Amino acid sequence: RAKADGRGTFCFFRDEMAQTVEARRILELDLRKALANEEFELFYQPLINLKSGKVSTCEALLRWNHPVRGTVSPVDIIPVAEDMGLIVDLGRWILRKACVECMKWPGAVSVAVNFSPQQFHQRDVLSEVRYALEVSGLPAHRLEIEITESSLLHNTQLTHDVLSQLRTLGVRISLDDFGTGYSSLSYLHNFPLQKVKIDRSFLEGIDSDRPLTLLRGVARLSADLGMSVVVEGIETNEQLELISADGAVTEAQGYLFSRPVPATRIRQLLNASHGHRRPD
Ligand code: C2E
Ligand code: MG
Ligand code: MG
Ligand code: MG
């Protein structure tokens, strides 16, 4: 009886594993076709400058319009694309698309593009960026590259060189999701970074004193080091007031201002709020 149960469990487990492997295989096949079939789309979410109240930057966020499954989240796409080595091709498409789109916005607005570690560490990352700027015509100062702490894990000369060269080119580097991952405060002064995005997990339980103290500390430190400071995931006016209080935070991003929206929508929003109307 026990033996039969045990085997049953094993079989069930094996079936489930087979299903997972099969599902993953199908996902990979679909992903390979998706780029050629133009099933990817970029949504954009604004970052608001707290002093001017205007949009400073819009972050490009990947969406996959799967013919059967509907919209697939980047959280489900990016890790698989990384495993498959597809992230370099996909990342190239994202970068170029985002630069082209930014050219349609009022000139004061920048675009932020997320880079995964593999993409950031590819050998010709500099020429990739240079090329994207060249073909789109976008000035370098309107491009922001978001990397995460995992891209900085290898504290090598090469990592430093790439960051310095990108800075020399004129693009900004923004450290995304700060406070998750390995969170070494030393990253903030060891690497040439222009912006820090404090992860929205810092906002959890913001009414109890401790998390706010932590957020304010990181914000103050980053500001003192000369960096712009963004808090992501602002959903309420109360949160906005709390993070605005001491002036260290320069920008805010979150559902309170806007969810990520399609390209046509962000263009309308920007043209309306920046008082420009471009003929289409
Ligand atoms: P991220 O770069 O930290 O982007 C912020 C995520 O938080 C986005 O989720 C955004 O929709 C969500 N968010 C923004 N405001 C709020 C808020 O007020 N409340 C809540 N609950 N969430 C908010 P999304 O679009 O699902 O992207 C998830 C992650 O996937 C991104 O986190 C980024 O790490 C990755 N990702 C997205 N697009 C790309 C891409 O083009 N390339 C790469 N390498 N990664 C990407
Ligand atoms: Mg990001
Ligand atoms: Mg982020
Ligand atoms: Mg995040």
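For the numbers below, each heavy atom of this structure counts, side chains included, while hydrogens, waters and symmetry mates do not. A quick note: this is a predicted structure, and the numbers were derived from the prediction, not measured. Whatever order the structure lists them in is the order used to number ligands and atoms, beginning at 1.
- No side-chain donor-acceptor contact under 3.5 Å links D161 and Q165.
- Backbone or side-chain N, O or S atoms of N114 reach the Mg ion (ligand 2) at under 2.8 Å.
- Judged purely by distance below 3.5 Å, without hydrogens or angles, the side chains of S110 and R172 pair a donor atom with an acceptor atom.
- More than 12 heavy atoms of other shown residues, nucleotides or ligands fall within 6.0 angstrom of atom CZ in R24.
- Contacts of K197 with ligand 1, taken as heavy-atom pairs under 4.0 Å, are absent altogether.
- Between the side chains of T159 and T156, at least one donor-acceptor pair of N or O atoms lies under 3.5 Å.
- The atoms of ligand 1 that sit less than 4.0 Å from any heavy atom of D177 are 3 (O).
- Close approach to S116 involves these atoms of ligand 1, each under 4.0 Å from a residue heavy atom: 44 (N).
- No other N/O/S atom of E232 lies as close to the Mg ion (ligand 3) as OE1 does.
- Ion pairing between a basic and an acidic side chain is recognised when a charged N comes within 4.0 Å of a carboxylate O; E128 and R96 show such pairing.
- In I94, the part holding a heavy atom less than 4.0 Å from any atom of ligand 1 is the side chain.
- Of the N or O atoms in E235, one or more lie within a sub-3.5 Å distance of an N or O in ligand 1.
- With a 4.5 Å cut-off on side-chain heavy atoms, V129 and Y131 do not count as touching.
- Listed by number with element, the atoms of ligand 1 under 4.0 Å from a non-hydrogen atom of E232 are 3 (O).
- At the Mg ion (ligand 2), the angle from OE2 in E59 to OD2 in D176 is 180° when rounded to 10°.
- With atom 39 (C) of ligand 1 as the reference point, the heavy atom nearest to it among I147, I234, N114, L90 is part of N114.
- Residues D76 and V80 have side chains not in contact (no heavy-atom distance under 4.5 Å, counting atoms from C-beta outward).
- When the side-chain contact (heavy atoms from CB on, under 4.5 Å) test is applied to I26, the partners found at least two apart in sequence or on another chain are E22, D30.
- When the Mg ion (ligand 2) is compared with the N/O/S atoms of E146, atom OE1 turns out nearest.
- Aromatic ring pairs are classed by plane angle as parallel below 30°, tilted from 30° to 60° and perpendicular above 60°; the pair H160 and F191 is parallel.
- Comparing K97, R63, E59 against atom 25 (O) of ligand 1, the shortest heavy-atom distance belongs to R63.
- Not one N/O/S atom of D177, from backbone or side chain, sits under 2.8 Å from the Mg ion (ligand 2).
- Under 4.0 angstrom from ligand 1, the non-hydrogen atoms of P260 all belong to its side chain.
- Across A112, P74, G91, heavy-atom proximity to atom 26 (O) of ligand 1 is greatest for P74.
- Polar contact with ligand 1: absent for Q119 (N/O pair, distance under 3.5 Å).
- Listed by atom number, the atoms of ligand 1 under 4.0 Å from D176 heavy atoms are 1 (P), 2 (O), 3 (O).
- The closest side-chain donor-acceptor pair between N65 and E39, if any, does not fall under 3.5 angstrom.
- In this structure, E146 does not pair ionically with K195, as no charged nitrogen and carboxylate oxygen lie closer than 4.0 Å.
- Looking at Q253 against ligand 1, nothing comes within 4.0 Å, counting heavy atoms.
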